[in-house]
Number of protein chains: 4
Amino acid sequence: MGKSVNKVILLGNVGKDPEIRATAGGTMVANFSLATTDRVKDQGGNWSDRTEWHNLVAFQRTAEIIRDYVKKGSKLYVEGKIQTRSWDDKQTGEKKYRTEIIINDLSLLSGRGEEGGGGGYTRAASTSSFDQRSSAPTEDYGQSAEITDDDIPF
Amino acid sequence: MGKSVNKVILLGNVGKDPEIRATAGGTMVANFSLATTDRVKDQGGNWSDRTEWHNLVAFQRTAEIIRDYVKKGSKLYVEGKIQTRSWDDKQTGEKKYRTEIIINDLSLLSGRGEEGGGGGYTRAASTSSFDQRSSAPTEDYGQSAEITDDDIPF
Amino acid sequence: MGKSVNKVILLGNVGKDPEIRATAGGTMVANFSLATTDRVKDQGGNWSDRTEWHNLVAFQRTAEIIRDYVKKGSKLYVEGKIQTRSWDDKQTGEKKYRTEIIINDLSLLSGRGEEGGGGGYTRAASTSSFDQRSSAPTEDYGQSAEITDDDIPF
Amino acid sequence: MGKSVNKVILLGNVGKDPEIRATAGGTMVANFSLATTDRVKDQGGNWSDRTEWHNLVAFQRTAEIIRDYVKKGSKLYVEGKIQTRSWDDKQTGEKKYRTEIIINDLSLLSGRGEEGGGGGYTRAASTSSFDQRSSAPTEDYGQSAEITDDDIPF
DNA sequence: TTTT
DNA sequence: TTTT
């Protein structure tokens, strides 16, 4: 039949310091919210910003990275999937839903203030780096490779 | 500061025929659910499928395309963004949330039964098609371009 | 510092039957081309289609799946990363480049003719499926959850 | 038939100050290279970094943004599509290929040194911001909404 | 609750 | 050519 795809890409800012817990079974869990902001036209036709808050969840090793490096205000790139959990509210007996993004991969782009533009989580920087190409491809194409109006795709 | 990113990519099957409406202001709206299925390990360590239902919403021209071509069972590729709306429940007075995917782009991959593997919505098939290259690039590289163990990135 | 991201998403049709090989080291490799088609405005201001051919490469288990299920004409969803290899042309002594998409994940959306709209590679369909919700969320929200003009994000 | 998809997502660092030109037809064009770095296992089984250089191209308004805000060292998030141009080399008569990423959308994440962690290109910050939800969803779910081992998707 |  |  072919697999399905459920993929989310977010780039935004963390709203609060993450909450770190462990389940009864001992799995590390990190919970936090991430804001993305959209420019939208409101009813009056004016542009304004609309902030969307996403509930993010990470497990195990990723949860540990979040515990160690992610704070309120951190700018984050996240890849994940959408998952909606449901339960019956004890008070009202109603079914309730909560949609969360389960993080598969993340990249810390910056933190607040003291962290400046860096301070990431990459463990044990590698010592050797091998590029297969010695020179930049930018240099090595002739006159004929220049983009002309014919190449413009619109 | 840099913009934020809120992007969703889904590939799955439509749960029911879409509901098509217009708002009071006359904007066409399409609502439907899309299932994606994940292979997960359950508590017993066995693999099983977990189906996730996503609430999709489309507006205007995209809503019309959905009205005309999308049915229960259709396989769809969708690009969109996550949006959570909230309101106060009239009965209980509680705040309720509903997370939806606002569709930006979609591709109909197949319908049910009679539509076989085709029958999409692309309007007015183009008559001319210009490929810049006449043959598949697969052919045109020499012996030295073959992948060797050194090229394997793992 | 934060990791970087190199991600490609393609949905298109396979140009020829894949070539399957093994490296000297015994790693299975699959090579094939995939076409995606863009609608672009040409110099005369007319809309036309521009087909882009991508060089895809897969290794190991993914290469085996491709060997078994992917054919000329197959419609495929692919996730991967961009990689450019280079070598010195034996004839001219020039540096040559070849950009390829290394497949990380794929979904077979249909095959040619006889396969109709299905016949994928998912092994051993699962017998149990647990949805946390029994019905489509589309049903279960009240009047107040309906989208109004105020909810439209443009 | 359904449309195809050709989408690239990159997050990396700019290798040199962009080159800004205009075509004969007056279209603004920006060219630059972006590095992404992958952690790969080499032949000896050791982890090392492999840097991939991508050729990026932007047109019109996006080219102007790049001219004004993107520099050598800038960290960038980019969305685009893959395009391979070809031409006949005047010297050797051989067919040559150059694969480029045509930028559709970008987000400046930071520059070097003096730019600190900000200084983006978003024009005319909006004055009003309307969130539909007054309080964080993080707070407002009961005990039963907590993630347990049953909720963990692996 | 974030960020500019 | 970048970045840590």
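Proteins come first, then strands; the chains are lettered A, B, ... in the order of their sequence lines, and each starts at number 1.
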Value in whole Å for how far the C1' atom of dT3(E) lies from CZ of F32(A): 15 Å

Using the side-chain heavy atoms of T37(A), tell me which of these nucleotides is nearest: dT1(F), dT2(F), dT2(E). dT2(E)

Value in whole Å for how far the P atom of dT1(E) lies from NZ of K16(A): 6 Å

Presence of K75(A) side-chain N/O under 4.0 Å of dT3(E) phosphate oxygens OP1/OP2: no

Can you check whether any acceptor in the base of dT2(F) is under 3.5 Å from a donor in the side chain of T51(D), or vice versa? yes

CG of L76(A) versus C1' of dT3(E): gap in Å, rounded? 13 Å

Atom-to-atom span, CZ of R50(D) to P of dT4(F) - whole angstrom: 21 Å

Rounding to a whole Å, what distance do you find between L109(A):CG and dT3(F):P? 16 Å

The side chain to side chain donor-acceptor pair (under 3.5 Å) partners of N104(B) (sequence neighbours excluded) come to none

Residues that T36(A) engages under side chain to side chain donor-acceptor pair (under 3.5 Å), provided they are two or more places apart: H54(A)

Rounded distance (Å) that lies between atom P of dT4(F) and atom CG of L108(A): 13 Å

K71(D) NZ - dT2(F) C1' separation (whole Å): 15 Å

Salt bridge (Lys or Arg N to Asp or Glu O under 4.0 Å) between E100(B) and R98(B), intermediate numbers included: CA-CA 6 Å; E100(B) 295 167 315; R98(B) 180 173 162 87; 3.0 Å; yes

Give a yes or no on whether the backbone of T84(A) and the side-chain of E52(B) come within a donor-acceptor separation of less than 3.5 Å. yes

Whole-Å distance separating the CZ atom of R39(D) from the P atom of dT4(F): 15 Å

